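All remarks here apply to the structure that follows.
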Amino acid sequence: MVLKTYRQAINEALVGEMRRDADVILMGEDVAGGAGGSGEDDAWGGPLGVTRGLLSEFGSDRVLDTPISEAGFIGAAIGAAAAGLRPVVDLMFNDFVGVCFDQVVNQAAKFRYMFGGQDQVPLTIRTMIGAGLNISSQHSQSLYPVFSYFAGLKVLVPSSPYDAKGLLTSAIRDNDPVIFCEHKLLYDMVEDVPDENYSIPFGEANLLREGQDVTIVALSRMVHVATEAAAVLAREGIEADLLDPRTTTPLDTESILDSVEATGRLVIVDEAGPRCGMASDIAALVAEDGFGHLRAPIVKVTPPHVPIPAAPNLEAMYIPDVARVVEAVRRVVAY
Amino acid sequence: MPKWGMTMATGKIVDWIATEGALVDEGDELVEIETEKSVNVLETTSPGRLVRRVGQEGDELPVGALLGVLAPPGTEVSPEQIDEFVAEFNASFVPEVPETEEVKGPSRVTVDGLVIAHRHHPGGGPPAAPPLVLIHGFGGDQDSWQFNVGEIARDRPVRTVDLPGHGQSSREVGDGSTQFLAGILSAWLDEVEPGPVHLAGHSLGAAVALELASAREVLSLTLIAGLGPGTAVDRDYVEGFITAQRRRQLKPHLLRLFADERFVTRDMVETVLRAKRIESTSEALERIARASILATETEPRIRLASPPSPTQVIWGRRDQVAPSAQAEALSPPLTVEIIEGAGHMVHVETASRVNRLLRRMATVHD
Amino acid sequence: MRTMRAFEERMHVEFAGGGVPGFVHLYAGQEASAAGVCAHLTGRDVLLNTHRAHGPAIARGADIFAVAKEIYCRGDGLCRGRGGSAHLHDAANGLWAANSGVGSGVALGCGAALAARTKGTGGVAVALVGDGAVNQGVVSEGLNLASIWKLPLVVVFENNGYGEATAAEYAIAGGSIAHRAEAFGMPGHRVDGSDYFVVSESVGTAVSRARRGDGPSLIEVDVPRFFGHFEGDAQTYRSPEEAERARRERDCLVKFRESVISDGVLEAESLDLIDGEVAHLIERVYTEAKAAPLPPDSEFMEYIYADSH
């Protein structure tokens, strides 16, 4: 058993794939961190140190610091992917997609379909999601529901070091554009992660806990909130089936529907907003295709419809917590 | 309370099978116990009269706790003597802290260029007791012996190992033949356990054990749900297991390994999936399956007429992967135990019974 | 150039008659630009098209029947009817599509150029951009990236005087696209886009420079636009005389004919012969495209992902 952080797990996946395939390149703001300055060329290794050490092993032809110009370098990554490379591009905070939205949703997502399947875009966009660092609403959102809207993109939300390495490996090998959403509060989470390369298939929900009373679907960091809540509930005699979809496109609808068929109750825990989000999407799925099995209304545990504040007390109100999940489950079980 | 699995800390009494006052013989079922990983029946290891059921149905007790009191046959004990015994036991009983070795993970050695993951479980018996080496089956790993190691280690050291292509060992499997696998394990034993050993193998592991027994000094051999080359095995199971990449694809195959489907927990499916996801695993399993499982060979019954070591065969009557009929057809010098109500994973489903058979076999042939 | 012209003249007529799905942007008047660029490109190079896509697609060597069928959204069009007029893409011939979010070709072109360099193919990328896209952020970002990474990229701005209905003179600060090259540390030239030979010479220099590894260049090609922004555009934002004068004085086909005949390169009869063959070809192209079937309903959900899960 080898304990590694989420940060190390991502780094290992990158190293593993860059060693395995010379077409894999890395680009983004400060992925080396230090290009052209008077100090070290690989001073940062990414703003949070995730890509540290890659420049020294793979050189500046394959690890490229970019200027702060997301539209330009993400567009370039798309072009490079369509021309045969496998770029892993770092869109530091997913909030910054605002300045390169066209590249992500109109170029990357449509390059294959709009041209009748002539080309493919084997591109991975790594990006940080999530609130909890008191850095306000332009650095804290969870926009994977937005990405999931677009056919042509695949969207991953790894909740653990093990999943992060396996899913990133799959993402880099995949021939389609993949948005890989890293929750910034998970970087120091530790777990047993094999040294070997391994890949986790997309569209395969992780079943974290088996129970017959309620289905809890949780995404990204909310998986840990839900895990804690499920333990509290188990002490009350309420056993939850806990599912982490791991990928929002493709979405493992079968596992969700099968679980609800068995439990008759559904609580969805999502750090993304309450409107047009994954919680709404999954609720709609079950309302349409699993209505006959429901024994209680579906409950969504999400933040309110508000931008994310910086103040710690207000941000704490924003992020769903264990108490809210426990309360929601009690409510559906008692219904 | 028996210890089934290295991380087992407590067990719950589900059902007392033996009634208070009953005479029980070795191998009789005493009590059904549920752990976080399984439900298993504890069997008597020595004859006697069950004079007191101390633990009650529904009780959750720590490993080593007193379940009941068995008086030697032919002795009379008064209720006061029993009370005194229980009081004394409880006064001195300290629940053990679960071993941490599993948390640390197995050790690794490099043998013939391959990384081999293995564990050594120190024995509680006489210092010179030869160890028992356990070899798991196709697609499994050394943790499939988790319900056996603890009890067997009361007599002697136990060694478990991940076969090449499995668990945390290297994915290099040569030509995938039992000869190759046994060669690697022989080199591993040279490294860690050069003296005589007892061997037990399950399914594919039985084939490897048989091969090993021809190559080095093996005091006794236990073949569980496998007879080596030519064992009749369900081809659909083997191929389905190799190709399954997802939980929902894999689970139906794992269910076929057991008579009681409650053994197929979320944790078990996840553990198998994680091993299968490691790069090159499917190719390694495919190669082993082609060379060692699906290849048709000589009739085991003829081949085993003169086994290389004293040999017992254990099989589950309800084995859906390798039918038990082929074991029933065997004759002396082999001893054959067909266990009712157990499937292919007989050493998991009826761990207590298999443990007793393994301990007796080794003790007789030390 | 004659094929491009004849194709667009016919499209103008067909569109007015109905039957062409969506909307189309005609390239007529700008042919010397596409021809001058494509003369220097090989199979390993990538040309990034604009939404005014028909002419460059033909110039790059895409099958003209498949081009027409794509504009008609037919099942065996270049993009199997998924892209239509503005998104003509021909991977096999190094033609990358046009982008309705204009200007992205510069960034995508950086990527194609980066891949060519990383993989050592010796290829270059040429991005066509309209004057209307020059003020897009992604254009500046791409030019900057191409320059700091010294990419084998040539950016050709086809300045036809109007971004949709808004005059370039109004929209472009400083009045010159070519001058912007200086800010990005690359060569920039403005050339007469009605003269094939001038365009070709300029592009040739830039492509050679890129192929040598000396970095990107910018070329502003001054071209007339004979038709409106899109078909059906009443063009009330410009005087009727302006388009007429452009046709009279700045027709690249007329200039080319005069030039090659006076220089003794080609006989008038040869040119007439080509024109006749083109007319015949265009007739066949339109007849076949209109008769071709739409994509099968059964393939509605195809081509979204390369790897399904």
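Residue numbering restarts at 1 for every chain, and letters A, B, ... go by the order of the sequence lines. It should be emphasised that the depicted structure is a prediction, and the values quoted were computed from it without experimental measurement. Side chains included, hydrogens not; waters and symmetry mates left out as well; all remaining heavy atoms used.
- Both the backbone and the side chain of I304(C) come within contact range of chain A, with heavy atoms under 4.5 Å apart.
- With contacts defined as side-chain heavy-atom distances shorter than 4.5 Å, the pair T118(C)/L85(A) qualifies.
- Across S104(C) and Q107(A), no two heavy atoms sit closer than the pair OG-NE2, 3.2 Å.
- There is no contact between L151(C) and chain A, counting heavy-atom distances below 4.5 Å.
- For chain A, the nearby part of E302(C) is the backbone; its heavy atoms alone come within less than 4.5 Å.
- The line from CZ of R80(C) to CD of Q118(A) is 7.5 Å long, rounded to the nearest 0.5 Å.
- For the pair F73(A)/L114(C), no side-chain contact is recorded, criterion being any heavy-atom separation below 4.5 Å from C-beta on.
- Among A82(A), P87(A), A151(A), the residue making the largest number of heavy-atom pairs under 4.5 Å with chain C is A82(A).
- Between atom CH2 of residue W149(C) and atom CE of residue M27(A) there is a gap of 3.5 Å, rounded to the nearest 0.5 Å.
- Residues of residues 55-69 of chain A that come closer than 4.5 Å to chain C, counting heavy atoms only, are L64(A), D65(A), T66(A), P67(A), S69(A), ordered by residue number.
- Between W96(C) and F111(A), the two ring planes are perpendicular [angle over 60°; tilted spans 30° to 60°].
- With a 4.5 angstrom heavy-atom cutoff, N144(C) touches chain A only via side-chain atoms.
- The nearest pair of heavy atoms linking H89(C) to F115(A) is ND1-CD1, 3.2 Å.
- The side-chain heavy atoms of Q120(A) and D307(C), taken from C-beta on, include no pair separated by under 4.5 Å.
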